[in-house]
Amino acid sequence: MIPRVVRHACCLVVLGAAALSAQAVPATTGNPTGNPAPKPAPKKKRVDFNATLGFSQTNGNASALATNVSNKLKYTIAGWSFQQDLAFFYGEANSKVNTNFWNGGLRADRTVAARVALFMATRYDRNVVQGIENRYQQGFGVTVAALDDKWNRLNVALGGSFFSQELTPGSVARASRAFPAARAAVDYRRKLTDVAYVQQTAEYLPAVGDSTSSYFVNAESAVVAPITKSVGLKIGYIVRYNSDPPVRNNLQLKTTDTFFSSGLTLTF
């Protein structure tokens, strides 16, 4: 029979050996390889918003006023993307309006495959100087993300649109009040830093049918440079081309209107 003191000593030896073994072997629960767990990928923002405001005024021998406002809002959820945008330019010179341009729209995109989405859109624009009192556009099509990496993003879109328009008083055009058109567009953005970028968009809209052979080309160039993380300086240039502009009071209007803007932009 083993004495009680010897039995206690044996138990202490066994428990001590087990404790040393537990300290020597690292725990591997949930990570069998023993390597550090990878960091989770950052969540993509559901909401993107930016707005730009620019203003200038001149007084003295000549008086002039210029204002430009724009914004873009995008909300993404479960394969859907909803977008809203607006651009407004207004100008006066010697108490006479020389610029009155509105362009805004709503759009919904649905992802159907990797880098492929279907979209529907509605737009409104007003360009009094070019003879357009009101113009509505309903569009649809497909967008392909031809390039999408850390620094570059290129989207290409093909589809169709239906226009309905009202001209300013005294203006006439060969295009009927309502007509269909095809649409091809590109949207390219190049990041310069995490918050600075340059962007170029362009679309080509040829009328379809016998009512007219006119076409539209719309383009926008923009450069955004950061001041802080949420505030930056934006410089933009918009081109609106109409191959067959209206005739107003027997005067042929010009085919091209351009809008240059600069101002502060807020991004969230």
Discussion item. Can you confirm whether Leu65 sits close enough to Phe55 that some side-chain heavy atom of one is under 4.5 Å from a side-chain heavy atom of the other?
Written reply: yes

So do the side chains of Leu167 and Gln165 get within less than 4.5 Å of each other, counting heavy atoms only?
yes

Worksheet item: Regarding Arg189 and Asn152, is there a side-chain donor-to-acceptor distance under 3.5 Å anywhere?
Response: no

Between the OG atom in Ser70 and the CD atom in Glu220, the distance rounded to the nearest 0.5 Å is 7.5 Å

task = Tell me yes or no: between the side chains of Gln137 and Asp125, is some donor less than 3.5 Å from an acceptor?
result = no

What one should report as the nearest heavy-atom pair of Gln130 and Lys254 is NE2-O, 4.0 Å

Distance col, row Ile132:CD1 vs Asn103:CG, nearest 0.5 angstrom, shows 12.0 Å

pair Leu192-Val198: side-chain heavy atoms closer than 4.5 Å: yes

Can you confirm whether Val47 sits close enough to Leu73 that some side-chain heavy atom of one is under 4.5 Å from a side-chain heavy atom of the other? yes

Spell out, as yes or no, whether a donor-acceptor pair under 3.5 Å connects the side chain of Gln252 to the backbone of Pro245. yes

Between Asn98 and Ala93 the two heavy atoms that sit nearest each other are ND2-CB, 3.4 Å

- prompt: Under a 4.5 Å side-chain heavy-atom rule over Ile, Leu, Val, Met, Phe, Trp and Tyr, are Phe179 and Phe140 clustered together?
  reply: no

*asked:* Quick check: is Val247 connected to Leu251 through a chain of hydrophobic side chains (ILVMFWY, heavy atoms under 4.5 Å apart)?
replied: no

Rounded to the nearest 0.5 angstrom, the CG-CD distance for Asn134 and Glu166 is 5.5 Å

ILVMFWY network linking Phe82 to Phe49, side-chain heavy atoms under 4.5 angstrom: yes

Checklist entry - How about Gln199 and Tyr197: do any of their side-chain heavy atoms sit closer than 4.5 Å? => result yes

Distance col, row Thr122:OG1 vs Met120:CE, nearest 0.5 angstrom, shows 10.5 Å

Test item: side-chain donor near acceptor, Asn127 and Asp257, under 3.5 Å: yes

Ring pair (Phe, Tyr, Trp, His ring centres under 6.0 Å) with Trp102: of Phe259, Phe88, Tyr124, only one passes, and it is Phe88

Any ion pair linking Glu203 and Arg183 (charged N to carboxylate O, less than 4.0 Å)? yes

Quick check on Asp148: does its CG atom have over 12 non-hydrogen neighbours (other residues, nucleotides or ligands) under 6.0 Å away? yes

>> Do Ile235 and Val224 have side chains that approach each other closer than 4.5 Å (heavy atoms only, starting at C-beta)?
In response: no

Practice prompt. Before giving the answer on side-chain contact (heavy atoms from CB on, under 4.5 Å), spell out for Arg107 and Thr143 the whole-Å C-alpha distance, their side-chain angles and the decisive distance to 0.1 Å.
Written response: CA-CA 12 Å; Arg107 171 169 164 156; Thr143 299; 2.9 Å; yes

Of all heavy-atom pairs linking Ala145 and Asn155, the shortest is CA-OD1, 3.4 Å

One should read off an interatomic distance between Ile227 CD1 and Leu264 CG, to the nearest 0.5 angstrom, of 5.5 Å

- [ ] State, without any angle test, whether Asp187 and Gln200 hold a side-chain donor-acceptor pair at a distance under 3.5 Å.
- [x] no

Is it the case that one hydrophobic cluster holds both Leu106 and Leu86, taking links as side-chain heavy atoms less than 4.5 Å apart, direct or via other members?
-> no

- Report yes or no: does Ser243 contribute a side-chain atom to a donor-acceptor pair with the main-chain N or O of Tyr215 at less than 3.5 Å? yes

Derivation of the side-chain contact (heavy atoms from CB on, under 4.5 Å) call for Trp151 and Arg190:
CA-CA 6 Å; Trp151 299 105; Arg190 166 69 181 182; 3.4 Å; yes

Contacts of Tyr90 meeting ring pair (Phe, Tyr, Trp, His ring centres under 6.0 Å) (sequence neighbours excluded), chain-then-number -> none

Report yes or no: do Thr255 and Arg240 form a side-chain donor-acceptor pair below 3.5 Å? no

Smallest heavy-atom separation, Asp244 atom then Ser214 atom, equals CB-CB, 3.5 Å

Problem set entry | Test side-chain contact (heavy atoms from CB on, under 4.5 Å) applied to Asp85 and Asn71, step by step | CA-CA 6 Å; Asp85 67 274; Asn71 88 286; 5.9 Å; no

Between Ser171 and Gly131 the two heavy atoms that sit nearest each other are OG-CA, 4.1 Å

Residue pairs meeting side-chain hydrogen bond (donor to acceptor under 3.5 Å, both in side chains), one or both in residues 258-268, sequence neighbours left out, come to Thr52-Thr265

Separation between CZ (Arg248) and OG1 (Thr168), nearest 0.5 Å, reads 4.5 Å

Margin query: Could you check whether any side-chain heavy atom of Phe163 comes within less than 4.5 Å of a side-chain heavy atom of Leu205, counting everything from C-beta outward?
Written below: yes

For residues Val186 and Tyr204: do they belong to one hydrophobic cluster (side chain heavy atoms under 4.5 Å, members Ile, Leu, Val, Met, Phe, Trp, Tyr)? no

Minimal heavy-atom distance between Lys234 and Ala222, with the atoms involved, is CE-CB, 3.9 Å

>> A cation-pi test, strictly: NZ or CZ of Arg135 under 6.0 Å from the centre of the six-membered ring of Phe216 and no more than 45 degrees from its axis. Yes or no?
In response: yes

Taking the side chain from Thr228 and the backbone from Val231, do they hold a donor-acceptor pair closer than 3.5 Å? yes

For Tyr75, the side-chain hydrogen bond (donor to acceptor under 3.5 Å, both in side chains) test, sequence neighbours excluded, returns none

Would Arg126 and Val128 count as a side-chain contact (heavy atoms from CB on, under 4.5 Å) if you check the C-alpha gap in whole Å, the side-chain angles of each, and the deciding distance to 0.1 Å? CA-CA 6 Å; Arg126 169 185 171 89; Val128 174; 3.6 Å; yes

Taking the basic N atoms (NZ, or NE/NH1/NH2) and the acidic carboxylate oxygens, is any pair closer than 4.0 Å for Lys74 and Asp109? no

